[in-house]
Amino acid sequence: MARAASTYPMTSSQSPTNQPQPAGLDKKTSAILSYALGWLTGIIFLFMGKNDPDVKFHASQSIVFFGAVSVINIVLSIVGSLLGVLGIIFSLAGLAVAVLAVVVWIMAMVQTNNTGGVRAGLPIVGKFTAPYADQLANSVK
């Protein structure tokens with residue numbers, strides 16, 4: 001009787017695709033959690049997952065995107081408060097940025113789950129954030 005492929009022991013020529021991270025989390029879980037609380041968990045997993053380039057990439061991408069969203073919302077809030085009645089326009093722009101961030105956040109976690117944690121650009125804004133995320137991920141050794 002043939003054994004199922006998943007029950008064969010791994011040989012030295014095969015590399016595990018889901019190596020445990022230092023906290024005991026696998027690649028997929030670490031990559032998903034790097035988006036969980038935006039740039040905060042991105043910073044945590046940038047250093048926790050430093051042995052896995054895919055986890056570092058997702059963490060860096062989270063820092064770049066959600067950090068930029070935070071800065072944009074702070075600027076819109078400050079400018080809006082200085083303009084009085086015209087500040088409503090900036091408040092609405094801040095709301096639109098926040099909605100975009102929530103949509104990208106959900107899509108990023110779903111995409112990361114579907115790909116098993118391998119490197120993938122963020123939906124919608126990936127082409128803008130990926131180069132910066134690569135630079136940040138490569139700077140952490």
Side-chain angles (χ1 to χ4, degrees), residues 2-141:
R3 293 171 56 183
S6 64
T7 60
Y8 285 113
M10 191 179 314
T11 63
S12 61
S13 64
Q14 296 173 326
S15 63
T17 58
N18 225 358
Q19 294 179 356
Q21 299 299 313
L25 301 172
D26 62 0
K27 174 192 285 203
K28 179 177 168 182
T29 304
S30 296
I32 292 170
L33 288 177
S34 68
Y35 295 109
L37 297 176
W39 57 265
L40 179 65
T41 51
I43 292 171
I44 293 168
F45 281 94
L46 181 63
F47 293 102
M48 280 182 50
K50 64 183 175 183
N51 296 328
D52 188 325
D54 293 334
V55 173
K56 276 183 16 178
F57 176 80
H58 285 290
S60 299
Q61 195 166 232
S62 178
I63 294 167
V64 169
F65 176 71
F66 293 109
V69 166
S70 296
V71 169
I72 289 169
N73 272 330
I74 289 169
V75 168
L76 287 173
S77 183
I78 290 170
V79 171
S81 66
L82 296 175
L83 293 179
V85 175
L86 292 176
I88 293 172
I89 296 169
F90 287 90
S91 296
L92 292 174
L95 179 62
V97 168
V99 168
L100 173 71
V102 169
V103 168
V104 170
W105 176 66
I106 292 168
M107 291 173 69
M109 289 197 294
V110 169
Q111 177 183 4
T112 304
N113 182 50
N114 291 342
T115 62
V118 295
R119 185 179 298 227
L122 281 174
I124 301 172
V125 296
K127 62 184 173 188
F128 302 113
T129 61
Y132 301 110
D134 270 331
Q135 288 177 354
L136 181 59
N138 293 334
S139 69
V140 176
K141 299 290 180 199

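This chain uses plain numbering: 1 for the first residue, then up along the sequence.
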Flag, side chain of [X] to backbone of [Y], donor-acceptor distance under 3.5 Å:
| X | Y | answer |
| --- | --- | --- |
| Thr41 | Leu33 | yes |
| Gln61 | Leu122 | yes |
| Ser77 | Ile74 | no |
| Lys27 | Gly117 | no |

Is the shortest heavy-atom distance from the side chain of [X] to the side chain of [Y] under 4.5 Å?
| X | Y | result |
| --- | --- | --- |
| Met48 | Ser30 | no |
| Leu46 | Ser60 | yes |
| Val125 | Met107 | no |

Heavy-atom pair of closest approach, residues [X] and [Y]:
| X | Y | result |
| --- | --- | --- |
| Thr112 | Ala31 | CG2-CB, 3.4 Å |
| Gly38 | Ser62 | O-OG, 2.8 Å |
| Val97 | Ile72 | CG2-CG2, 4.1 Å |

Rounded to the nearest 0.5 Å, what separation is found between the [atom1] atom of [X] and the [atom2] atom of [Y]?
| X | Y | atom1 | atom2 | value |
| --- | --- | --- | --- | --- |
| Asp52 | Phe57 | CG | CZ | 12.5 Å |
| Met109 | Ile32 | CE | CD1 | 8.0 Å |
| Phe45 | Lys56 | CZ | NZ | 15.0 Å |
| Ser70 | Ile63 | OG | CD1 | 11.5 Å |

I'd like to check the ring pair (Phe, Tyr, Trp, His ring centres under 6.0 Å) partners of Tyr35; sequence neighbours left out, ordered by chain and number.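 Tyr35 satisfies ring pair (Phe, Tyr, Trp, His ring centres under 6.0 Å) with His58 once adjacent residues are dropped.
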Please determine whether side-chain contact (heavy atoms from CB on, under 4.5 Å) holds for the pair Lys28 and Asn113, giving the CA-CA distance in whole Å, both sets of side-chain angles, and the decisive distance to 0.1 Å. CA-CA 6 Å; Lys28 179 177 168 182; Asn113 182 50; 2.5 Å; yes
For residues 35-48, which residue pairs pass the salt bridge (charged side-chain N to carboxylate O under 4.0 Å, His left out) check, not counting sequence neighbours?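 Listed by first then second residue: nothing to list.
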For residues 102-113, pull every pair meeting salt bridge (charged side-chain N to carboxylate O under 4.0 Å, His left out), keeping only residues two or more places apart or in separate chains.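 Every pair satisfying salt bridge (charged side-chain N to carboxylate O under 4.0 Å, His left out) with a residue in residues 102-113: there are none.
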More than 12 foreign heavy atoms under 6.0 Å from CD1 of Ile89: is that the case here?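 No.
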